[in-house]
J.: 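Just dropping this structure here.
Along the sequence shown, residues are numbered consecutively beginning with 1.
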Amino acid sequence: MKIQVKISMAEDCQELLPAKAHSDDAAFDLRSRCDLSVPVGKSTLIPTGVFLELPVNYEAQVRPRSGLALKHNITLTNSPGTIDAGYRGEVGVIMFNHGPDVFEVKRGDRIAQMVIAELPEVELVVAEELSATLRGGGGFGSTGKK
């Protein structure tokens, strides 16, 4: 069963409608609605012209594009970014430039990917203690591997 997600585009942005490049892709490409520069070592909010109405118990995840990461050292500051079902504002992409040069974004450039994901209904239950595991509380490099 296909889940329907309502989408609206900002004025004069119809050609920027998110789309999958291939039918079996996991994500929809998000495009920039304007020309902007992303300075070296800085984050810049890039507007997409996209507005969503997600069903309850769904989210949209905004993720980096691997080609931009590999070729230009561009990533997303909050990755993945979460768009909640109740949000009705414009989808924005916070790009960060790890590269040595200013990164120029042009209107229509593919700048990020958007995955629509179903969220399980979860109830947090307060417990006096948690079950034991082999790993325990080990984290942040506790395996000793570099």
Side-chain angles (χ1 to χ4, degrees), residues 1-125 130 133-146:
M1 176 175 90
K2 282 191 178 180
I3 301 302
Q4 292 189 340
V5 173
K6 292 181 182 178
I7 187 166
S8 177
M9 300 301 295
E11 189 174 331
D12 297 327
C13 288
Q14 293 304 317
E15 80 280 9
L16 305 176
L17 189 70
K20 293 182 178 185
H22 305 97
S23 62
D24 58 350
D25 284 353
F28 294 86
D29 289 325
L30 292 174
R31 298 177 180 273
S32 173
R33 76 181 279 193
C34 57
D35 297 342
L36 286 170
S37 297
V38 184
V40 174
K42 300 286 184 184
S43 291
T44 302
L45 180 62
I46 313 292
T48 65
V50 174
F51 298 81
L52 299 172
E53 183 178 327
L54 295 161
V56 173
N57 293 330
Y58 281 81
E59 68 164 330
Q61 298 174 4
V62 178
R63 301 175 180 182
R65 293 184 52 80
S66 57
L68 290 179
L70 177 63
K71 296 173 185 173
H72 304 284
N73 290 308
I74 297 295
T75 190
L76 304 187
T77 303
N78 64 326
S79 177
T82 296
I83 301 168
D84 296 308
Y87 178 68
R88 295 294 183 271
E90 182 174 6
V91 174
V93 174
I94 306 170
M95 296 184 89
F96 186 86
N97 184 354
H98 289 280
D101 301 309
V102 172
F103 182 73
E104 299 297 334
V105 177
K106 301 296 181 201
R107 179 183 171 94
D109 284 354
R110 294 180 299 161
I111 57 170
Q113 302 177 85
M114 179 177 67
V115 172
I116 307 297
E118 185 174 12
L119 302 169
E121 288 194 37
V122 175
E123 177 185 2
L124 297 179
V125 179
L130 304 177
T133 66
L134 289 175
R135 179 177 181 179
F140 301 105
S142 65
T143 62
K145 294 184 180 182
K146 295 181 181 182

J.: Measuring from atom NZ of Lys71 to atom OG of Ser66, what distance do you get when rounded to the nearest 0.5 angstrom?
T.: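 One finds 8.5 Å between NZ of Lys71 and OG of Ser66.
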J.: Heavy atoms only: give me the nearest Ala85-Val56 pair and the separation to one decimal.
T.: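 Distance-wise, the nearest heavy atoms are CB-CA, 4.2 Å.
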J.: If every non-hydrogen atom of Gly99 is compared with every non-hydrogen atom of Val40, which pair is closest and at what distance?
T.: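 Taking every non-hydrogen atom into account, O-CG1, 3.2 Å.
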J.: In Å and rounded to the nearest 0.5 Å, what is the CZ to OG distance from Arg110 to Ser32?
T.: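 Those atoms lie 13.5 Å apart.
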J.: What pairs meet the side chain to side chain donor-acceptor pair (under 3.5 Å) rule with one or both residues in residues 43-55, with sequence neighbours excluded?
T.: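 Listed by first then second residue: Ser43-Thr77.
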J.: Looking only at heavy atoms, what is the nearest atom pair of Pro80 and Arg63, with distance?
T.: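 Looking at all heavy atoms of both residues, the shortest contact is CB-CG, 4.0 Å.
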J.: Within the structure provided, determine whether Asp109 and Glu104 are in side-chain contact (heavy-atom separation under 4.5 Å).
T.: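 Not in contact.
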J.: Looking only at heavy atoms, which two atoms of Leu54 and Ala60 are closest? And how far apart?
T.: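 That would be CD1-N, 3.6 Å.
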J.: Would you say the side-chain atoms of Gln113 pair up with the backbone N or O of Pro64, donor to acceptor, closer than 3.5 Å?
T.: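 Pair found, side chain donor or acceptor close to backbone of Pro64.
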J.: Are the side chain of Asp35 and the backbone of Arg107 linked by a donor-acceptor contact shorter than 3.5 Å?
T.: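 Yes; judged by distance alone, with no hydrogens or angles, the pair exists.
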J.: How close do Phe96 and Val38 get, heavy atom to heavy atom, and via which atoms?
T.: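 That closest heavy-atom pairing would be C-CG1, 4.4 Å.
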J.: Show every side chain to side chain donor-acceptor pair (under 3.5 Å) that has at least one partner inside residues 86-101, sequence neighbours left out.
T.: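 Of all non-adjacent pairs touching residues 86-101, those that pass side chain to side chain donor-acceptor pair (under 3.5 Å) are Arg33-Glu90.
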J.: Measuring from atom CD1 of Ile94 to atom OG of Ser79, what distance do you get when rounded to the nearest 0.5 angstrom?
T.: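 Here the rounded value is 10.5 Å.
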J.: Do other residues, nucleotides or ligands put more than 12 heavy atoms under 6.0 Å from the NZ atom of Lys42?
T.: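 Counting neighbours around NZ of Lys42, 12 or fewer heavy atoms of other residues, nucleotides or ligands fall under 6.0 Å, so no.
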J.: Between Tyr58 and Ile3, is there a side-chain heavy-atom distance shorter than 4.5 Å?
T.: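 They are in side-chain contact.
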J.: Using every non-hydrogen atom in the two residues, find where Leu68 and Ile111 come nearest and quote the distance to one decimal.
T.: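 The pair with the smallest heavy-atom distance is CD1-O, 3.8 Å.
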J.: Please examine the side chains of Leu16 and Gln14, heavy atoms only from C-beta on, and report whether any two atoms are closer than 4.5 Å.
T.: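 No, their side chains stay 4.5 Å or more apart.
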